[in-house]
Amino acid sequence: MTSKANILVVDDEPQIAEMISSALQLYGYAVQTAMDGEQGVARVGAGKFDLAIMDIQMPGMDGITALGEMKKLDPEIEVIIATGHGTMGTAIESLRKGAFDYLHKPFEIKELLKVVERALEKRKFNDITRAIFSTVRPEEQLRVIIDSVTRILKAEESLLVLPGRDGNPYIAVSEGLEDPGAAASRLEMCSRIMDAPEETSKSAVLSENPAGDRRFAGIAGLDKLKSSLFLPLREDNKPVGLIAISRLEDEAYFTEDDLQRARIFASLVGLALRNSSLYRQLQETQGQLIQAEKMSALGQLAGGLAHEINNPLSGILGLTQLVMENTDKAGQNYADLKDIEKAVFRCKKIIVSLLSFSRQEKAHLEPVSLNEVVEETLTLCARQMELQRIKINRQLAPGLPMVNADFQQLMQVFLNLFTNARDAMPEGGELTVSTSLDGAGGRPAVAAAVSDTGGGISPEIAGRLFDPFFTTKAVGKGTGLGLSVCLGIINRHNGGIRAANRPGGGAAFTINLPAL
Amino acid sequence: MNRKALIVDDEELVRNYVRRALAGRGWAVTEAANGAEALRLAVPGAFDAMVCDLKMPDLRGEEVIKRARQACPAMKIVAITGSVSDIKAPLAPGVQADGFLIKPFGIDEIRDLLEKLTRI
Ligand SMILES: Nc1ncnc2c1ncn2[C@@H]1O[C@H](COP(=O)(O)OP(=O)(O)OP(=O)(O)O)[C@@H](O)[C@H]1O
Ligand SMILES: [Mg+2]
């Protein structure tokens, strides 16, 4: 679990520092506090912290300066900035300076915990990514991959199997497999998995008690294994290799948490293999993994920004027009004022397009497994859902045909739908995701349904759900672009999206995409 | 007869131009910088119209509108906001503003809207 993280709380108001640290301690984090920027920076210099939560306005060294200093001392530390009312500008500056996110004071504990979890999750990505990409020679890269996966998953044995020139798989790198007999049996297990398309299309394959597993019938020497985890690697959606990780007899089984980590890891490795340009890759990998989340964060940021800018803009417009009323229409002054007025309208337009731009992406079509999109997106959301006591039900049909689609964009669609479902169930509930083959329209299609146990959709708003900027959410919470973005993406994929209420209550959103 | 309006916004810049725009059309305008002040001022008969920002530091605009509406059922209420995502808020049941403007809005927009709403 992530709960062993060390967190530094920097706030000049002792009650606030106290409130934050006791809340975090309650949830199992180790917390230290500092009273101001200087002290905070000194703490970072003296000890190892995963995360700092820092007030932006403090006497002496302010939060932004302290943020910069902390990052200099420890580039890996994640910093969350806490801002007061009307400091949107500084919040944005702090993001530019490398803050992970910001919180508006006063914030709820729940909100704080969510951001903390997210920041720590990102750190985990950072660790793994750096491990993979910091070495330049490909052979070393493979070694680092195996080393880090063994360490991260606390396993005893791991190996990376790649297809050889002759078509037969071979062990490229291994860890904890000095005995040739053991190595041969593990290679045989991997070959079986690699030969089964229904297995290699999954993001992770688990075998508890491999010796008794039908898939490995007849392979000798598996008795020592308690639990094995296989991570198929893919390039352009074709299987290109397999990582196998095992825990031995007296170890624990892999947990759901381990599986999640493993999936994230596998997608990183997949990306590593895909591109040899390491530095560009580094950015892309991190980018793609948190892309979906960033997109909606950006949307919210743009939403808040719009508010901050529109106030002064309104003043400029109004005052300009007042002065125009008392100005000779034939003079140069009047013409100048008219230009200012026009400029305001231009700004207004820019803000509106900023809002929609932050939600857009170029399409990159390839054969995609809808189930995999769903799994990946759920991986991203799982923690958030857990925090809000939402149970996730997966009803994913096996063996579905692929669809021609942009993986990231489909992720965005599901992320928006999951976010909406989550928002519809503030007291918790159940999120059900199902996929199926859909032959209704004559030609084969793949369908996915996302349904919740929230309040459902009232008939008054049913017709406007997909309208841009239509939202029933509170100030600063929703931009009303989520579903319109979904509709745009699905349309571009020649598919369809519909909203309905479920007979038992709650909403259900259904997507259809033509099958390949 | 002089019509009376109350402008509620924490942004001085906005209060300033709305007041002057309306004063130019014969309105007597009172300013309030936050929700609590607005609710203190909004007593029956005091104003023909209220212009209220939705995002203020103390009370949410919706709440101010709701309570002002209860206190002064005859007063017309216009909600103003700088955030497109607020669009639904003033139309929510129990709030139901009489008019709505998104910032930036011009002086004629606010004048026309108030005149339309208070025309007998
Ligand atoms: N699962 C759901 N249950 C009930 N109502 C929903 C559901 N999904 C969407 N809605 C309604 O549709 C509206 C529009 O959704 P949309 O995702 O487009 O915007 P949003 O969620 O309000 O804002 P954002 O742009 O941040 O996603 C929501 O505000 C909500 O009223
Ligand atoms: Mg949404």
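On a predicted model such as this, the values are computed, not experimentally measured, just so you know. Residue numbers begin at 1 in each chain, while the letters A, B, ... track the order of the sequences.
Near-neighbour residues of residues 312-321 of chain A relative to chain B, defined by a heavy atom under 4.5 Å from a heavy atom of that chain, comprise A:Pro312, A:Leu313, A:Ser314, A:Gly315, A:Leu317, A:Gly318, A:Leu319, A:Gln321.
By the 4.5 Å heavy-atom criterion applied to side chains, A:Thr472 and A:Ile461 are counted as neighbours. Taking the side chain as every heavy atom from C-beta outward, A:Lys473 and A:Asp423 approach each other to under 4.5 Å. With contacts defined as side-chain heavy-atom distances shorter than 4.5 Å, the pair B:Val51/B:Ile80 qualifies. At a threshold of 4.5 Å between non-hydrogen side-chain atoms, the residues B:Met75 and B:Arg69 do not count as touching.
Side-chain polar atoms of A:Lys338 and A:Asn333 form no donor-acceptor pair below 3.5 angstrom.
Taking the six-membered ring where tryptophan is involved, the planes of A:Phe466 and A:Phe509 are perpendicular, since the angle between them exceeds 60° and thus also 30°.
Proximity to chain B (any heavy atom under 4.5 Å) is restricted, for A:Glu325, to the side chain, taken from C-beta onward.
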